[in-house]
Protein chains: 2
Amino acid sequence: MTQTAHRPDNRYGNRPTMKDVAARAGVGLKTVSRVVNGEPGVTPDTERRVREAIDALGFRRNDSARVLRKGRTASIGLILEDLADPFYGPLSRAVEEVARAHGALLINGSSAEDPDREQELALALCARRVDGLVVIPAGDDHRYLEPEIKAGVATVFVDRPAGQIDADVVLSDNFGGARDGVAHLIAHGHRRIGFIGDMPRIHTAAERLRGYRTAMEDAGVPVEEAWMSLGATDPQRVRRAAEAMLSGPSPVTAIFTGNNRVTVTVVRVLAERTRPVALVGFDDIELADLLQPGVTVVAQDAARLGRTAAERLFRQLDGTLLLPERIELPTRLITRGSGELPPAG
Amino acid sequence: MTQTAHRPDNRYGNRPTMKDVAARAGVGLKTVSRVVNGEPGVTPDTERRVREAIDALGFRRNDSARVLRKGRTASIGLILEDLADPFYGPLSRAVEEVARAHGALLINGSSAEDPDREQELALALCARRVDGLVVIPAGDDHRYLEPEIKAGVATVFVDRPAGQIDADVVLSDNFGGARDGVAHLIAHGHRRIGFIGDMPRIHTAAERLRGYRTAMEDAGVPVEEAWMSLGATDPQRVRRAAEAMLSGPSPVTAIFTGNNRVTVTVVRVLAERTRPVALVGFDDIELADLLQPGVTVVAQDAARLGRTAAERLFRQLDGTLLLPERIELPTRLITRGSGELPPAG
DNA sequence: TAGAGCCTGGACAACGTTGTCAGCTGCGAG
DNA sequence: CTCGCAGCTGACAACGTTGTCCAGGCTCTA
């Protein structure tokens with residue numbers, strides 16, 4: 001039994017510390033620290049003895065203690081909506097690459113589109129004293145981050161802007177992309193065009209809907225309420241929405257889908273029908289080129305979104321950045337056939 | 001304000017500490033600690049004063065210091081191959097869910113299939129004193145983890161076994177799955193079947209190749225060297241491999257692909273050809289059902305792999321687990337048409 | 001051979017938190 | 001009126017590391 005009164009109830013075997021290494025090598029504590037950190041001023045012979053002791057004991061520096069002392073953690077946090085959504089794969093990978101280039105670790109978590117969970121996660125990461133935070137926001141009020149930002153936590157929002165605070169944000173041109181996508185359908189003769197998107201409180205969903213409305217208006221095409229459906233992206237909801245607008249009193253001849261999850265489901269619905277319906281989707285999807293017809297999409301560059309955001313984060317940390325900025329990246333219309341179908345006569 | 005927000009005053013992260021809160025509330029340090037941690041023995045009035053001071057100063061407990069003192073970090077690490085590979089999305093999401101259920105944070109990184117990078121990452125996470133590690137190994141020698149495991153870091157390997165050490169591992173039945181997939185092709189009359197897989201040093205690639213060989217052997221079908229190609233999964237390499245075996249002196253009439261990256265490229269290659277070639281792929285891919293013909297696959301349950309591994313990790317941490325074990329999860333053949341094509345006459 | 005200057009090594013405090021323990025208060029019982 | 005008890009509260013050490021600073025030993029020069 002340990003009688004040491006002040007030892008914390010640590011379930012793990014006690015790991016060797018620099019003190020242990022120093023004792024075994026017969027040197028001072030600070031000398032071990034010097035060797036571990038590659039600081040100059042240690043005789044080759046002393047260094048050898050220290051390294052032997054380190055290997056013999058299996059010592060590994062405790063970065064928690066180091067962080068406490070130094071104040072910087074060399075880690076950044078990434079909060080996204082869903083790790084399993086293919087759109088976020090390249091994005092988080094890009095963030096990781098940039099972090100790695102700056103010698104930082106990436107800690108991440110999913111908000112599952114729940115504002116409370118986003119806040120909980122963000123604050124947990126701040127309590128860990130991450131140096132910075134890349135956030136794909138689920139909520140629309142980020143005042144809870146104000147004390148953290150003031151205390152020096154670098155913060156960049158991606159994909160959607162922050163709510164109620166002035167912060168860096170990197171977005172795609174959701175409005176312009178959607179407008180162009182819908183215009184593409186209009187150019188191919190469609191007048192009755194449906195829009196199926198994500199929940200309206202999500203910024204990207206709202207912007208894309210605005211792009212849809214603008215394209216229709218610009219072309220002088222009237223829009224019916226029944227042609228627009230915003231809500232959760234689960235297949236059941238999307239399927240019902242698509243079927244409703246395809247079989248109402250004035251059925252649509254084309255559908256614009258507001259994100260990759262929606263597109264996938266609508267592709268399935270359309271595949272079951274005989275009468276061809278045109279489709280343009282926001283976000284590229286894998287294998288879209290191999291479907292019959294190929295799915296025309298408005299593609300965002302997810303990797304570039306992530307890279308841009310992460311680079312901006314580290315520039316905040318460098319101190320080379322002064323004012324929050326809003327960066328908008330262009331989208332790209334990739335035509336593959338599904339948008340070029342003429343309206344069924 | 002925004003200037004303040006962006007001025008990296010990190011020279012000293014002058015965040016308020018419990019000491020500051022204590023001074024402002026006119027109480028002792030430990031009393032603040034009690035309030036923050038919800039420990040009993042604090043008068044409602046004192047607690048109110050402390051909470052007011054906390055809010056006024058924007059105090060947030062420094063978990064680095066807490067970790068140092070308590071010895072546990074309530075965080076686990078996940079090392080995978082590529083965050084952007086859709087196979088790992090559901091897996092890492094499942095790991096995160098389990099971690100969250102245990103009140104732990106997930107820190108992750110990609111090895112990019114580089115053993116050195118895997119080791120670097122794993123040791124960095126150990127230096128952060130993560131409580132446990134879920135590893136999809138890139139290398140085949142994990143003795144470097146021995147001191148860490150001995151020191152109490154829980155460790156579970158997923159998707160591929162650990163090398164040179166005895167550790168928990170959760171796998172799919174790669175051998176059986178591949179054998180069944182190839183047998184499916186044989187059952188539909190194919191004799192000349194190609195195999196395109198990942199680099200041979202990767203355990204899953206080797207096992208799947210073994211499944212292929214076994215299925216061929218069981219059916220008494222001879223195998224030619226030119227029908228087997230293992231290597232990187234980049235599209236160029238895979239495309240060359242596929243075209244070579246489709247146009248050699250004895251061209252294959254069917255291809256078995258060793259993972260989702262390979263399958264996607266081969267689908268593209270086959271789409272360009274007129275003569276139909278049968279295909280069965282390891283790993284399911286999104287929209288595989290909508291291609292013409294639908295792609296028959298051997299599906300693994302990535303989410304279940306992740307969940308099983310993470311749960312095992314926490315059981316190690318609970319101390320309810322004694323001996324390392326190897327858990328193999330079944331695969332499922334999903335027939336969609338591409339495997340049922342008869343060999344071209 | 002003495003003094004100056006450099007190199008190496010170690011003692012000590014501090015980072016922000018939690019565990020231990022002792023002191024203080026107010027109240028009821030003897 | 002005193003003692004004991006219980007419930008609050010705070011002083012202090014410790015977690016493992018790094019930054020500061022000083023002590024000794026060495027070399028080099030005058």
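All values derive from a computational prediction rather than experimental measurement.
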Item to complete: Please list all pairs passing the salt bridge (Lys or Arg N to Asp or Glu O under 4.0 Å) test where one or both residues lie in residues 132-145 of chain A, with sequence neighbours left out.
Response: Asp141(A)-Arg143(A)
Worksheet, complete the sentence: Sorted by chain and number, sequence neighbours left out, side chain to side chain donor-acceptor pair (under 3.5 Å) with Glu148(B) holds for Arg15(A), Arg60(A)
Worksheet entry | Distance, rounded to the nearest Å, where Arg129(B) contributes CZ and dT17(D) contributes C1' | 11 Å
Response to the item:
Sorted by chain and number, sequence neighbours left out, side chain to side chain donor-acceptor pair (under 3.5 Å) with Thr155(B) holds for none
Worksheet item: Sequence neighbours excluded, which residues qualify as ring pair (Phe, Tyr, Trp, His ring centres under 6.0 Å) partners of Phe314(B)?
Response: His102(B)
Worksheet item: So, is Lys19(A) close to the dT17(D) phosphate, meaning a side-chain N or O under 4.0 Å from OP1 or OP2?
Response: no
Fill in: Phe157(B): ring pair (Phe, Tyr, Trp, His ring centres under 6.0 Å) partners, not counting sequence neighbours
His142(B)
Item to complete: Would you work out how much the helix from dT1(C)-dA30(D) to dG30(C)-dC1(D) bends between its ends, with each end axis defined by five base pairs, to 10 degrees?
Response: 60°
Item to complete: Could you check how far CG of Asp45(B) sits from C1' of dC8(D), rounded to whole Å?
Response: 12 Å
Response to the item:
Hits for ring pair (Phe, Tyr, Trp, His ring centres under 6.0 Å) against Phe87(A), two or more places apart or cross-chain, chain-then-number order -> none
Please list, one pair per line, the donor and acceptor atoms closer than 3.5 Å that link side chains of residues 38-46 of chain B to other protein atoms, with sequence neighbours excluded.
residue  : atom : partner  : partner atom : Å
Asp45(B) : OD1  : Arg48(B) : NH2          : 2.7
Asp45(B) : OD2  : Arg49(B) : NH1          : 3.4

Discussion item. Tell me which pairs pass salt bridge (Lys or Arg N to Asp or Glu O under 4.0 Å) where either residue lies in residues 100-110 of chain A, with sequence neighbours left out.
Written reply: Arg100(A)-Glu120(B)
Practice prompt. Report the residues that fulfil side chain to side chain donor-acceptor pair (under 3.5 Å) with Asn62(A), sequence neighbours left out, ordered by chain and then residue number.
Written response: none
Item to complete: Would you kindly say whether Asp82(A) and Ser110(A) are connected by a side-chain donor-acceptor distance under 3.5 Å?
Response: no
Practice prompt. Let me know the distance between CD of Glu39(B) and P of dC8(D), rounded to the nearest Å.
Written response: 13 Å
Between N or O atoms, less than 3.5 Å apart, protein on one side and nucleotides 5-14 of chain C on the other: list the pairs.
residue : atom : partner  : partner atom : Å
dT8(C)  : O3'  : Thr43(A) : OG1          : 2.8
dG9(C)  : OP1  : Thr43(A) : OG1          : 3.1
dG9(C)  : OP1  : Thr46(A) : OG1          : 2.2
dG9(C)  : OP2  : Thr43(A) : N            : 3.2
dG10(C) : OP1  : Gly28(A) : N            : 3.3
dG10(C) : OP2  : Gly28(A) : N            : 2.3
dG10(C) : OP2  : Thr31(A) : OG1          : 2.9
dG10(C) : O6   : Arg34(A) : NH2          : 2.7
dA14(C) : N3   : Arg69(A) : NH1          : 3.2

Fill in: Those residues of residues 53-66 of chain B lying under 4.0 Å from DNA chain C by at least one heavy atom
Phe59(B), Arg61(B), Asn62(B), Ala65(B), Arg66(B)
